[in-house]
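Keep in mind the model is a prediction, meaning the values are calculated, not measured. The figures here come from the full heavy-atom set of this structure, side chains too, leaving out hydrogens, waters and symmetry mates. Note on naming: letters A, B, ... go to the chains in the order of the sequence lines (proteins, then strands), and numbering restarts at 1 for each one.
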Protein chains: 2
Amino acid sequence: MTPLDPGTKTQILDVAERLFAEQGFAATSLRALTAAAGVNLAAVNYHFGTKEALLVAVFERRLRPLNERRLAGVDALMREADAAGRAPSLEGLLDTLFRPVLEMAGEPGGDSCAKLFARVHLETEAEALESMFLAQFCAVRDRIMPALLRALPDLPEHELIWRLHFAIGALAHTMQSTIRLQWLARGKAMTTDREATLRRLVGFCAAGMRAPASKEDR
Amino acid sequence: MTPLDPGTKTQILDVAERLFAEQGFAATSLRALTAAAGVNLAAVNYHFGTKEALLVAVFERRLRPLNERRLAGVDALMREADAAGRAPSLEGLLDTLFRPVLEMAGEPGGDSCAKLFARVHLETEAEALESMFLAQFCAVRDRIMPALLRALPDLPEHELIWRLHFAIGALAHTMQSTIRLQWLARGKAMTTDREATLRRLVGFCAAGMRAPASKEDR
DNA sequence: CGCCATTTCAAACGTTCGTTTGAGTGCAAA
DNA sequence: TTTGCACTCAAACGAACGTTTGAAATGGCG
């Protein structure tokens, strides 16, 4: 195994992330996967144990650095805000939450993982996956929620939860694929530049989160 | 088959919609499906042809009346606006777009279909499904887009497309299940009343769509 | 009743699945 | 050179899959 050779394990992870994203977890057979990866069929079970454990490994490889960047971003924004004696900026927090996801989508293979991410975000393919997922995101949630509460001091917490829920939905739907967007545009060319997408997403969600709460819900 | 007996075909549709939503299409076997429905294994192939055709039938049963209600709603709003000589209300249009989905989720079995709907919205399980899907939604898109353009006359069309995309994401994520919301709330009880959810969703998306476009994108 | 079309049924079809096995390979340390 | 270990490989395992088949029910109609 030379430095250029990614190695069997990495090769499996790369192909798995692509095929799982394209066809879904249950619809992707280990035979097709290992054939596409150019490795032996038994290699998956040797290196990862089971197919389900492979799915968990695919996610962990991407999610760990992604959420670390998010946490570091929130911390930096909070330090800045504390130093200046003011609340953190809503746009800054949303940017910190969204940017690592869009940046991951720009890495080689990351676009597949972003799609897969959006998929599994609403599937319960594996129970082991669900627990890993929740563990990964708990830290982000617990760190960003107080920050958002400070950025939006007039918003009741349960309203903020709903709106963050909506914002995550907008992010997930954006990550899923650009096919729906293209369809929505009826063939009209759309710019899918990362910074522009991020700016639009942040702008949309920031405005939505700042909307005055209806008096029935206040 | 008495009037109380839903009949084999309906029974299959009901159970399929539930199981597909809970476990996914590929992960649901026809054996488990027919056993849960209390019908013979061969009944699916007899009544629907293939498993894939069953999935299409599951969707068509729900989507047709849903999109008819949407179209009628947009037409009514446009007639009102034309009669009064003003633009249609953005909140009204979003309500018309979202309400039939939330109402379907309130019907028996409709919650499953809403989940399934959100799932397949980002899966490409079947090619026949994709074409049925697009055909169903083309009419809605082509009818509501000009209405939204009139409600937001200052917004460039490509900006509107992006923002509608985000709004659909928020809707889809809301429909998927309340589990993620509960997790976000860290166990704090959340009201999931339909009208309140609708009001929040409409308010969030209306504010997001009305946000001034950043000068880079104008 | 007897006829016919529709529907149900148990059984089997061939295929593909995830996983296991045991022999074989290459390589670094002893 | 020999031992040990990490890894790869072809082959096979039993189970489960979607689908097909042909016979048995079912029920309305002359």
Please tabulate the protein-to-nucleotide N/O contacts below 3.5 Å involving nucleotides 4-6 of chain D, giving atom names and distances.
none

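- Heavy-atom distances to DNA chain D give each of B:L30 and A:K9 a nearest nucleotide, and the one nearer the 5′ end belongs to A:K9.
- By the side chain to side chain donor-acceptor pair (under 3.5 Å) test, B:R61 is found to be paired with B:D14, residues two or more places apart in sequence or in another chain being considered.
- For A:R64, the side chain to side chain donor-acceptor pair (under 3.5 Å) partners at least two apart in sequence or on another chain are A:E60.
- Every ring-ring contact (aromatic ring centres under 6.0 Å, His included) that B:F166 has, sequence neighbours left out, goes to A:F204, B:W162.
- Both B:V39 and A:T28 lie close to DNA chain C; mapped to their nearest nucleotides by heavy-atom distance, the more 5′-ward contact belongs to B:V39.
- Partners of B:H47 under the ring-ring contact (aromatic ring centres under 6.0 Å, His included) rule, at least two apart in sequence or in another chain, do not exist in this structure.
- Among pairs with a residue in residues 163-173 of chain A, those fulfilling salt bridge (charged side-chain N to carboxylate O under 4.0 Å, His left out) read A:E159-A:R163, at least two apart in sequence or across chains.
- Atom CZ of A:R31 is separated from atom P of D:dC9 by 16 Å (rounded to the nearest Å).
- With sequence neighbours left out, A:A206 forms a side-chain contact (heavy atoms from CB on, under 4.5 Å) with A:L90, A:E91, A:L94, A:R210.
- Looking at residues two or more places apart in sequence or on another chain, you find no side chain to side chain donor-acceptor pair (under 3.5 Å) involving A:E68.
- In terms of phosphate contacts, A:N40 brings a side-chain nitrogen or oxygen within less than 4.0 Å of OP1 or OP2 of D:dA10.
- Mapping A:G49 and A:S29 onto DNA chain C by nearest heavy atom places A:S29 closer to the 5' end of the strand.
- Taking the side chain to side chain donor-acceptor pair (under 3.5 Å) definition, one finds that B:R143 meets it with B:D75, sequence neighbours left out.
- Reading DNA chain C from its 5' end, the first and the last nucleotide to sit under 4.0 Å from a heavy atom of chain B are C:dT6 to C:dA12.
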Show every donor-acceptor pair shorter than 3.5 Å between a side-chain atom in residues 95-109 of chain A and any protein atom, with sequence neighbours excluded, or say none if there are none.
{"unit_1": "A:D95", "atom_1": "OD1", "unit_2": "A:R99", "atom_2": "NE", "d": "2.8"}
{"unit_1": "A:D95", "atom_1": "OD2", "unit_2": "A:R99", "atom_2": "NH2", "d": "3.1"}
{"unit_1": "A:T96", "atom_1": "OG1", "unit_2": "A:G92", "atom_2": "O", "d": "3.1"}
{"unit_1": "A:R99", "atom_1": "NH1", "unit_2": "A:E195", "atom_2": "OE2", "d": "2.7"}
{"unit_1": "A:R99", "atom_1": "NH2", "unit_2": "A:E195", "atom_2": "OE1", "d": "3.4"}
{"unit_1": "A:E103", "atom_1": "OE1", "unit_2": "A:R69", "atom_2": "NH1", "d": "2.7"}
{"unit_1": "A:E107", "atom_1": "OE1", "unit_2": "A:R62", "atom_2": "NH1", "d": "2.9"}

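- Bending across the helix from C:dC1-D:dG30 to C:dA30-D:dT1, expressed as the angle between its end axes from five pairs apiece, amounts to 10° (10° rounding).
- Between the CG atom of B:L41 and the C1' atom of D:dT21 there is a distance of 12 Å, rounded to whole Å.
- Counting any heavy atom pair closer than 4.0 Å across all strands shown, B:A42 reaches a base atom.
- For the pair B:E52/B:L129, no side-chain contact is recorded, criterion being any heavy-atom separation below 4.5 Å from C-beta on.
- Atom CD of B:Q23 and atom P of D:dC17 are 10 Å apart (whole Å).
- B:L134 CG: more than 12 foreign heavy atoms inside a 6.0 Å radius.
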